[in-house]
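Let me begin by presenting the structure, written as structure tokens, before commenting on it.
Values below: every heavy atom of this structure, side chains too, minus hydrogens, waters and symmetry copies. Throughout, protein chains are lettered first and strands after them, A, B, ... in sequence-line order, and every chain is numbered starting at 1.
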There are 2 protein chains.
Amino acid sequence: MGDVFKALADETRRAILDELALRDDQTLFEICSRLAMKHGLGSTRQAVSQHLDVLEEAGLVHSERRGRYKFHTLDTSPLAQIAERWPPKDTP
Amino acid sequence: MGDVFKALADETRRAILDELALRDDQTLFEICSRLAMKHGLGSTRQAVSQHLDVLEEAGLVHSERRGRYKFHTLDTSPLAQIAERWPPKDTP
DNA sequence: TTGACATGCAAGTAACCACTTGCCTATGCT
DNA sequence: AGCATAGGCAAGTGGTTACTTGCATGTCAA
């Protein structure tokens, strides 16, 4: 199991999570073009593919292959451990 | 303002946050010895000091100098933006 | 004031990480 | 079959980062 915190450390990966939060079941090329449009990121396909591997290793993204397409979905459940590890303090 | 996500990416820094979550107002040396005891981390004083700088830049740690001691306290409020950015999905 | 203690500063090093580059596999359409 | 599309694999490169090393500053106690 990968490291959720290290997966979140990269800005491009966070932008990918933003995109998947807006729309699930996106392919690699869809994510690439949306990153270029909305975020002005000129990331190559291979770069985004490696980022998706990291996110999937961390459990933040799940993928499913259908035909020649691979669809990616967001999974926010690993984020819960962050709030659990350092819970907010009581406001007096 | 530093990057909260990058601050969380390092395991030693997360251990420091763990220590401060247990006890606030710790000095640099206190944190060093507790890291060595409980977490088995042989980090030098300078390494821990630089980690504290990163955490303070990210707003996760506040420090106050009293005499020749510098006390560090935990601030979990920057963590809220994580849950806000990618909110948990509705469980149907 | 002298010495011990707590911390700060800064340059150098080694490991890691994001990204590229080039080629390969597989699926679907005509 | 032939070709275009979607994606995968792997080695190499540049920049970042964690850590070290050595010295300097500041505080307190005797």
Checklist entry - How close or far is atom C1' of C:dC17 from atom CD of A:Glu57, stated in whole angstroms? => result 15 Å
Checklist entry - Side chains of B:Val48 and B:Leu28: does their closest heavy-atom pair fall under 4.5 Å? => result yes
Checklist entry - Which part of the nucleic acid does B:Arg13 contact within heavy-atom distance under 4.0 Å: base, sugar-phosphate only, or nothing? => result sugar-phosphate
Checklist entry - Is there a side chain to side chain contact (heavy atoms under 4.5 Å, CB included) between A:Thr27 and A:His72 once you walk through the steps? => result CA-CA 6 Å; A:Thr27 68; A:His72 302 268; 5.6 Å; no
Checklist outcome for this item: Sequence neighbours excluded, the answer for side-chain hydrogen bond (donor to acceptor under 3.5 Å, both in side chains) partners of B:Asp25 is none
Next on the checklist: Test of understanding: with side chain to side chain contact (heavy atoms under 4.5 Å, CB included), list the residues that count as partners of B:Ala83, not counting sequence neighbours.
Outcome noted: none
Item to check | Same apolar cluster: A:Phe71 and A:Val54, side chain cutoff 4.5 Å | outcome: no
Checklist entry - Want to settle it: does A:Arg66 or A:Ala9 sit nearer the 5' end of DNA chain C, counting the closest nucleotide to each? => result A:Ala9
Next on the checklist: Check this one for me: any side-chain N or O of A:Lys70 less than 4.0 Å away from OP1 or OP2 of C:dA26?
Outcome noted: no
Please output the side-chain donor-acceptor pairs of residues 9-17 of chain B that fall under 3.5 Å, not counting sequence neighbours, one pair per line with the distance.
residue, atom, partner, partner atom, Å
B:Asp10, OD2, B:Thr12, N, 2.9
B:Asp10, OD2, B:Arg13, N, 3.3
B:Glu11, OE1, B:Arg14, NE, 3.3
B:Glu11, OE1, B:Arg14, NH2, 2.8
B:Arg13, NE, B:Ala7, O, 2.7
B:Arg13, NH1, B:His51, ND1, 3.1
B:Arg13, NH2, B:Lys6, O, 3.1
B:Arg14, NH1, B:Leu8, O, 2.9
B:Arg14, NH2, A:Asp3, OD2, 3.1

Checklist entry - Can you name the residues that form a salt bridge (charged side-chain N to carboxylate O under 4.0 Å, His left out) with A:Asp24, not counting sequence neighbours? => result B:Lys89
Next on the checklist: How would you summarise protein contacts on nucleotides 19-26 of chain D per nucleotide, using B for base, S for sugar-phosphate only and - for none, with heavy-atom distances below 4.0 Å?
Outcome noted: BBBB----
Checklist entry - Over how many whole Å does the gap from A:Glu11 atom CD to C:dC17 atom C1' extend? => result 16 Å
Item to check | Between C1' of C:dA18 and CG of A:Leu55, the distance in whole Å | outcome: 13 Å
N/O donor-acceptor pairs under 3.5 Å from side chains in residues 33-43 of chain B, not counting sequence neighbours:
residue, atom, partner, partner atom, Å
B:Ser33, OG, B:Phe29, O, 3.0
B:Ser33, OG, B:Glu30, O, 3.0
B:Arg34, NE, B:Gln26, OE1, 2.9
B:Lys38, NZ, B:Glu19, OE2, 3.4

Checklist entry - End-to-end bend of the helix from C:dT1-D:dA30 to C:dT30-D:dA1 (five-pair axes, 10° rounding)? => result 30°
Checklist entry - Looking at B:Pro78 and B:Val4, what are the two nearest heavy atoms and their distance? => result CB-CG2, 4.0 Å
Checklist outcome for this item: What residues 16-29 of chain B contributes to the DNA chain D interface at heavy-atom separation below 4.0 Å is none
Checklist entry - So do A:Leu60 and A:Leu79 actually touch side chain to side chain, heavy atoms under 4.5 Å? => result yes
Checklist entry - Does anything in residues 59-70 of chain A pair up under side chain to side chain donor-acceptor pair (under 3.5 Å), and if so which pairs, sequence neighbours excluded? => result A:Glu56-A:Ser63, A:His62-A:Asp75, A:Glu64-A:Arg66
Next on the checklist: Less than 4.5 Å apart, side chain to side chain, heavy atoms only: is that true for A:Leu20 and B:Trp86?
Outcome noted: no
Checklist entry - Hey, does the side chain of B:Lys6 come within less than 4.0 Å of D:dT17's phosphate (OP1/OP2), counting only N and O? => result yes
Checklist entry - Which residues satisfy the side-chain hydrogen bond (donor to acceptor under 3.5 Å, both in side chains) test with B:Arg85, sequence neighbours excluded? => result A:Asp18
Next on the checklist: Just the rounded figure in Å: distance from C1' of C:dC19 to CG of A:Asp53.
Outcome noted: 14 Å
Item to check | Distance in angstrom units between A:Glu56 CD and D:dG7 C1', rounded | outcome: 13 Å
Next on the checklist: Expected output is a numbered-order residue list: members of residues 30-39 of chain A with a heavy atom under 4.0 Å from any atom of DNA chain C. What is it?
Outcome noted: none
